[in-house]
Amino acid sequence: MSLSLLTAQYFQQLDPHLLTFPEDKHLLHPTTQETIYNTLFSESHAANEQPLPPPAYRTRVLKRLITKLESLLSNPEEDEINESLLEEYSTLLTLPKPSSIEQAQQLTYITYTAPPEEDDHNSSPSLSETNKRRTILTSESRSAIITAGTTGHRTWEAALHLATYLSSTTAGKAHIAGKKVLELGAGTGMVSMFCARYLQPEVVVATDRELGLMRQIRDCAERNGLVGEGNGGGVFKGWIWEWGRELSRGSGEDDDDDDDDDDDDDELEKVGDGEKVEFDVALGADLIYDIDLVPLLVQTVKSLFEKYAVKEFLISATLRNERTFGAFLDACGA
Ligand SMILES: C[S@@+](CC[C@H](N)C(=O)[O-])C[C@H]1O[C@@H](n2cnc3c(N)ncnc32)[C@H](O)[C@@H]1O
């Protein structure tokens with residue numbers, strides 16, 4: 001049976017209570033349990049060689065799974081819980097438990113899986129399903145709202161909505177295919193990296209003002225196969241850019257020829273000193289959260305249309321505060 005939904009949710013580190021386990025009769029089946037162990041918990045068999053979630057998360061998932069399995073055991077002759085799952089749970093319980101603050105601030109790799117494309121909805125799951133999964137890996141402090149002075153160290157719901165629209169609908173894909181794309185306040189870079197990897201743009205530039213974020217994006221771009229040739233390699237760049245400043249092609253783009261860490265940082269800091277650039281589309285997710293930033297954001301977007309040839313701006317927002325959102329609409333002249 002297909003475990004693709006559970007696998008996608010697990011590597012995205014969804015709260016264990018929200019995970020979709022197989023139906024009870026399938027879950028008790030030894031083959032299902034073995035597949036769950038191999039795919040989700042075994043270092044050597046992990047699906048697509050994605051990094052496993054941190055031990056604290058794996059422990060919580062296993063606790064829930066084993067509790068569920070125990071409640072299903074009715075025939076002592078036949079029903080059993082997979083030994084590897086039980087052993088893994090015992091091993092995890094012996095590991096030192098990080099404090100909740102440590103857990104919140106810990107950087108961890110998250111794998112996002114795009115929903116099926118519109119034309120895939122009718123096709124049945126096949127053996128090659130895992131090969132067709134469109135995934136992007138990010139590095140995040142998952143449970144902290146602000147880490148190292150920025151809200152960008154986690155992927156916000158608005159970014160998930162934007163990526164879902166762009167990746168799964170014909171209209172969404174048309175915004176990106178063949179286009180020069182710029183993302184403002186990219187945070188973890190998930191949306192930009194997804195576009196570069198799967199949606200055939202001419203180029204995608206993820207920007208943010210935080211050097212720390214750009215370092216994470218650079219590491220993840222490499223892990224997502226966006227450095228080098230093929231699969232979107234070469235079309236993805238990460239630039240440091242603060243709204244209100246000139247945006248230009250500088251040496252901070254993601255050149256793969258500088259291999260020294262210090263040099264990388266120097267290069268990133270120099271963005272903005274070079275030749276002028278133009279884009280077709282600008283993207284932004286969860287940028288309307290601070291009323292004081294709204295005028296600068298709107299002015300920046302305006303300048304993208306006036307000075308950088310941008311023809312459309314797609315923004316995805318979470319409505320947290322009516323006043324802040326109203327200020328954004330007012331500033332846009334809506
Ligand atoms: C709430 S996060 C959203 C991150 C990402 N777009 C997402 O939705 O997951 C806001 C992002 O905007 C960036 N940001 C805020 N003010 C900025 C500015 N003046 N210039 C450039 N980036 C800025 C922050 O560093 C942060 O990464």
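Counting starts at 1 for both ligands and their atoms, in listed order. Here the structure is a predicted model, which means the values were calculated and not measured. Along the sequence shown, the residues carry numbers beginning at 1.
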Where does [X] meet ligand 1, judged by heavy-atom distances below 4.0 Å: at the side chain, the backbone, both, or neither?
{"X": "Trp241", "answer": "backbone"}
{"X": "Arg209", "answer": "both"}
{"X": "Ala186", "answer": "backbone"}
{"X": "Met190", "answer": "neither"}
{"X": "Leu293", "answer": "side chain"}

Considering only heavy atoms, which of [options] lies nearest to [atom]?
{"atom": "atom 6 (N) of ligand 1", "options": "Gly187, Gly185, Gly189, Ala163", "value": "Gly185"}
{"atom": "atom 2 (S) of ligand 1", "options": "Thr151, Leu160, Thr207, Thr138", "value": "Thr151"}
{"atom": "atom 24 (C) of ligand 1", "options": "Val191, Leu297, Asp208", "value": "Asp208"}

Nearest-neighbour protein heavy atom for [atom], which is reported as residue plus atom name and distance:
{"atom": "atom 9 (O) of ligand 1", "result": "Trp156 N, 2.9 Å"}
{"atom": "atom 15 (C) of ligand 1", "result": "Tyr289 OH, 3.2 Å"}
{"atom": "atom 8 (O) of ligand 1", "result": "Ala285 O, 3.2 Å"}

Does an N or O anywhere in [X] fall below 3.5 Å from an N or O of ligand 1?
{"X": "Thr155", "value": "no"}
{"X": "Leu184", "value": "no"}
{"X": "Trp243", "value": "yes"}

With a cut-off of under 6.0 Å to the ring centre and 45° to the axis, is Arg320 in cation-pi contact with Trp156?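 Flagged: Arg320 positioned over aromatic ring of Trp156.
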same_hphob_cluster(Leu329, Val294) at 4.5 Å side-chain heavy-atom cutoff: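 Yes; Val294 is reachable from Leu329 via cluster members.
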Heavy-atom distance under 4.5 Å between the side chains of [X] and [Y], does that happen here?
{"X": "Arg134", "Y": "Tyr198", "result": "yes"}
{"X": "Asp208", "Y": "Trp241", "result": "no"}
{"X": "Leu73", "Y": "Leu69", "result": "no"}

Check the pair Thr155 / Thr188 against side chain to side chain donor-acceptor pair (under 3.5 Å), numbers first and verdict last. CA-CA 6 Å; Thr155 300; Thr188 63; 2.7 Å; yes
Within a distance under 4.0 Å of any heavy atom of [X], pick out the atoms of ligand 1 and give their elements.
{"X": "Gly152", "answer": "26 (C), 27 (O)"}
{"X": "Glu242", "answer": "20 (N), 21 (C)"}
{"X": "Arg154", "answer": "9 (O)"}
{"X": "Glu210", "answer": "25 (O)"}

Side chain to side chain contact (heavy atoms under 4.5 Å, CB included), paired with Thr7, selected from Thr35, Thr39, Thr135: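 When Thr35, Thr39, Thr135 are each tested with Thr7, the side chain to side chain contact (heavy atoms under 4.5 Å, CB included) holds only for Thr39.
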So, 4.0 Å and heavy atoms of Ala158: is ligand 1 close enough to count as a contact?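 Flag not set, Ala158 not near ligand 1.
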I'd like to know if Glu157 contacts ligand 1, where contact means a heavy-atom distance under 4.0 Å to any ligand atom.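 Outside the 4.0 Å threshold, so no.
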For Tyr89 and Arg58, does a side-chain donor sit closer than 3.5 Å to a side-chain acceptor?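 There is no such pair between these side chains.
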No-hydrogen, no-angle side-chain donor-acceptor test under 3.5 Å, Gln13 and Thr108: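 Present: a donor and an acceptor within the cut-off.
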Residue pairs, two or more places apart or on separate chains, that pass salt bridge (charged side-chain N to carboxylate O under 4.0 Å, His left out) and touch residues 67-85: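 For residues 67-85: Asp24-Lys68.
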Show the numbers, then the answer: is there a salt bridge (Lys or Arg N to Asp or Glu O under 4.0 Å) between Asp280 and Lys180? CA-CA 5 Å; Asp280 301 306; Lys180 287 181 266 190; 5.1 Å; no
Aromatic centroids of Tyr10 and Tyr57 separated by under 6.0 Å: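 Yes, the ring of Tyr57 comes within the 6.0 Å limit of the ring of Tyr10, centre to centre.
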